[in-house]
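Remember, it's a predicted structure, so these values are computed and weren't measured experimentally. Residue numbers begin at 1 in each chain, while the letters A, B, ... track the order of the sequences. Just the heavy atoms: all of them, side chains too, but no hydrogens, waters or symmetry mates, feed the values below.
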2 protein chains.
Amino acid sequence: MCAKCSGMTPAAPTLRLHPADNVAVLTARAAAGADPLGCGRPLAVAIAAGHKLATQAIPRGAALRKFGQVIGQATADIGLGDHVHSHNCAFSAHDQDYAIGADLAAAQAMVPVCAPRSFDGYRRADGQVGTRNYIALLATVNCSATVIRRAAAEIEAEGSLQGYTNIDGVIALAHGTGCGMAAAGPGFDILDCVLWGYATHPNVGAAVFVGLGCEVMQIARMRAKAGDAGSDRFHALTIQDSGGTRATIDRIKAHLRAILPQVNQARRSPCPVASLRVGLQCGGSDGFSAITANPALGVASDLLVGLGGTAILSETPEIYGAEQLLLRRASSDAVARKLIDQLRWWQDYAAQGGGSMDNNPSPGNKQGGITTILEKSLGAVAKAGATPLMAVYDYAEKVRAPGFVFMDTPGYDPVSATGQIAGGAQIIVFTTGRGSAFGSKPAPTIKLATNDLLFASMTDDMDLNCGDVVSGGVSLSQKGAAILDLIIATASGAPSKSEMLGLGDHEFLPWQIGAVM
Amino acid sequence: MCAKCSGMTPAAPTLRLHPADNVAVLTARAAAGADPLGCGRPLAVAIAAGHKLATQAIPRGAALRKFGQVIGQATADIGLGDHVHSHNCAFSAHDQDYAIGADLAAAQAMVPVCAPRSFDGYRRADGQVGTRNYIALLATVNCSATVIRRAAAEIEAEGSLQGYTNIDGVIALAHGTGCGMAAAGPGFDILDCVLWGYATHPNVGAAVFVGLGCEVMQIARMRAKAGDAGSDRFHALTIQDSGGTRATIDRIKAHLRAILPQVNQARRSPCPVASLRVGLQCGGSDGFSAITANPALGVASDLLVGLGGTAILSETPEIYGAEQLLLRRASSDAVARKLIDQLRWWQDYAAQGGGSMDNNPSPGNKQGGITTILEKSLGAVAKAGATPLMAVYDYAEKVRAPGFVFMDTPGYDPVSATGQIAGGAQIIVFTTGRGSAFGSKPAPTIKLATNDLLFASMTDDMDLNCGDVVSGGVSLSQKGAAILDLIIATASGAPSKSEMLGLGDHEFLPWQIGAVM
Ligand SMILES: [Ca+2]
Ligand SMILES: [Ca+2]
Ligand SMILES: [Ca+2]
Ligand SMILES: [Ca+2]
Ligand SMILES: [Ca+2]
């Protein structure tokens, strides 16, 4: 008896992810003899969750579509209800003959027309808008990690922040590098860019740089960038000039007490959502990531782009192999070329220390129903929706273009989010299936659960459940709209779960490239 | 009028570093016409501090000796009192024709005969001896950094450690890696080795590993190493299994409360100094490093070796170019070969990201009076004294041989010290000229100032002044004996300056090698 005829909820429900798709995904195991599509063609053998069934007859040579995208071609005639996998679906070898911009017009048509929306943000003198108002203590080197952490902890414990209700806190941005590194080159440039990006972040009302004194990453560099104009906003001191650990902590605290009244003058006011830059993240992914939270976040990204805002996709190792899709919707040849160059750089980089970019579906992936490398990467890229690729940025580079953009980062969550925040992201949205305790400052992180079980088991950490896209019949459009509402509420000051837990003080992690000397 | 004749303290004093030397170092600038050696041969031109003068006539072709070592050959006849520098001294090109073991007998003769000494240490079940008694919380990945830091802070703030007077504290060993990395290869092996090295460190009474759950560095690895025998000493849990951030913090704290009574049963008792492993470090070096604190620490290292203990030299980039000296006193061919292999590996490694191992004296070094690459590296190697090189270890490898040993590490202080502590060092001794706020746990750091000015300006941070070797006529032998006394007192429980300041919670920094994926 098929579910359609009986009117019962099917034992093995399926999910069709996009109206253009000709396959549906099994969201639970289907037994032999079951008819999960309710189409009158029972399965000959049991099929595991995550695998695909054809929702119509597909002739040999025709395109197979999932997420609204081509994931491969039929290598045999496929009947309605047939299992679609390696035996009847293949993707032609991944080559470098990119069709740059071929889908640009189609992607432009995907930008939704939205009535303007606003959120309550901190409008800064440079035109940027903050979603929080922090004071940042920035270590130029690990040698000053302890003094900035101690100063931040003591100033709070002493109650010195009380009464300054417009300040979200003092954050200590400590890290493990800044010396024992080449004094020029990509590793140096990245740290320089990250520190300056955080110091000038719209969620930061004032920045205090603290060094040891003899480190490679000299504080004078930051002083020079700040210039005379920055004298209210940027401050700097070193341990060697201040008389040691205790004296430096006291000097930082005196600085903080002096600048608190000024930083507290910031006020929230209605600002266009167009000024929001949202960093897209996933970590601890599972079989539900690609069918619930990631595509729902893609809908939210499209809405954000429709409102004039910016959605930042990253995690280069996870888009590798699916770059054609991004290149086809690139807004210009220059944008496409920058992405191609980044991917070439990664091939050499990954080889350091024995890694590899070869993410062709692994045996484990194939068991889970992933047929082609394109299909695999589409799960990650789904977070970014369907609009044109407007710009490509290097790690921690200032993001200026509105729309959907890409920033080159590793897939490792804290390093990736640090690059996005340095680039100006005021909110991070993070999907997870296995669970994550990630949080970030000064830009807060919102976490989306891909499945009901995770949402129930880590309820203190998860902001929103996307599991009901499978379990509760919630549409991706509805879920995407709910995610956008949550982004706007959080941007306006509502605390995220990770903020309530106080996370974000130990997840600042600049990408470290090159030898430690 | 020369100082010798007048009986006055010379305006520009000199220091002869070793009885075998034929040069002395100016410890202050000498004006034209001055006679700093008091030998009746006034200078024709002014000479800056740090430069060398001949203490006897040296014929062309003869060896020039500083630190008791050959630093080059005279390229011209040199008269008593002459300035010795690039114009009359050179070192033949650094070649790979090593004279392995050539100076071994001479080095063996440098091991002092000492009456046995003891310190009050914690004798562990495995025969190792601790100088402190900590509980270690170890993150397998950055994703669990916040929960372990929070648990350690809360358990202390709640007063749960009160009454456990034999426990030095709970340390949270958080770091930035553990995922986004290759699951095999040198980067993975190093982190594995560091975590296990800290967990089994004699200064650690019990270890609790905390992971997220889905990271590359799986906690099951640590569980397997601990085995059944380790059930009292090793504990492990993950955030994904524990129900999220808050529930994990509470679970860690419950674990801690349960094990405190057991860990508190440790007691200090007299143990031979032979069980001490001391990590040698320098950072923020200056012109005095090579003539005061470093050679004084070398005397202490020799005394420690004479007592059967272990002195660990590291910082491979700083011995590069002087490896011949270490190879000549290598105890075996295998020991020598391991060091040669490490140096070859570094040449490739340093090239990543644009670095270089080419530390030939820079123009700045030459202005400061450093003539040859050998002379430069001797300043760093001076910390290790003059006894045979008994073993060569990889980063974080368990140090088992007594005597003077080498461990391959970067020069960057926190990364280098982390490797030494993972290898079992129970004390770190750190020389600095420009000043440092370094500290470490569970093994404490003692800091030696190379000059009076630093000691006065960072008095809260510096444990001992070695500046009086120049300013106060204290001999290197006296200073070395004082350093050994301080090592023994600190090992017995006297807090070092960095411990009194509470440093060491943010300086745990495993060497990160390979791509961040
Ligand atoms: Ca991510
Ligand atoms: Ca991901
Ligand atoms: Ca990730
Ligand atoms: Ca050094
Ligand atoms: Ca160093």
Side chains of B:Lys497 and A:Thr245, heavy atoms from C-beta outward: is any pair under 4.5 Å?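 They are not in contact (no side-chain heavy atoms under 4.5 Å apart), so the answer is no.
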
Quick one: are B:Val141 and A:Tyr412 in side-chain contact, heavy atoms under 4.5 Å? yes

Considering non-hydrogen atoms only, spot the tightest contact between [X] and [Y] and give its length.
X: B:Ala350; Y: A:Ala515; answer: CA-CB, 4.0 Å
X: B:Arg149; Y: A:His506; answer: CD-CE1, 2.9 Å
X: A:Ala437; Y: B:Cys143; answer: CB-O, 4.1 Å
X: B:Ser436; Y: A:Leu212; answer: CA-CD1, 4.1 Å

Greatest number of non-hydrogen atom pairs under 4.5 angstrom with chain B, of A:Gly439, A:Gly435, A:Ser498, falls to A:Gly435

I'd like to verify something: which residue of [options] has the highest number of heavy-atom pairs under 4.5 Å with chain A?
options: B:Ser416, B:Cys214, B:Ser144, B:Pro410; value: B:Pro410
options: B:Thr177, B:Val216, B:Leu454; value: B:Thr177
options: B:Thr459, B:Leu503, B:Asp460; value: B:Leu503
options: B:Asn142, B:Asp505, B:Ile239, B:Thr248; value: B:Asn142
options: B:Arg434, B:Arg246, B:Met458; value: B:Arg434

Given a strict heavy-atom distance threshold of 4.5 Å, which part of [X] is in contact with chain A: side chain, backbone, both, or neither?
X: B:Asp461; answer: side chain
X: B:Val516; answer: both
X: B:Leu501; answer: both
X: B:Ser457; answer: backbone

Can you confirm whether more than 12 heavy atoms, excluding those of A:Leu453, are under 6.0 Å from its CG atom?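 Counting neighbours around CG of A:Leu453, 12 or fewer heavy atoms of other residues, nucleotides or ligands fall under 6.0 Å, so no.
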
For A:Glu158, does the CD atom have more than 12 heavy-atom neighbours from other residues, nucleotides or ligands under 6.0 Å away?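 Yes, enclosed.
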
When the side chains of residues 178-195 of chain A are checked against the rest of the protein, which donor-acceptor pairs come out under 3.5 Å, sequence neighbours left out?
from	atom 1	to	atom 2	distance (Å)
A:Asp192	OD1	A:Arg221	NE	3.0
A:Asp192	OD1	A:Lys225	NZ	3.4
A:Asp192	OD2	A:Arg221	NH2	3.2
A:Asp192	OD2	A:Lys225	NZ	2.8

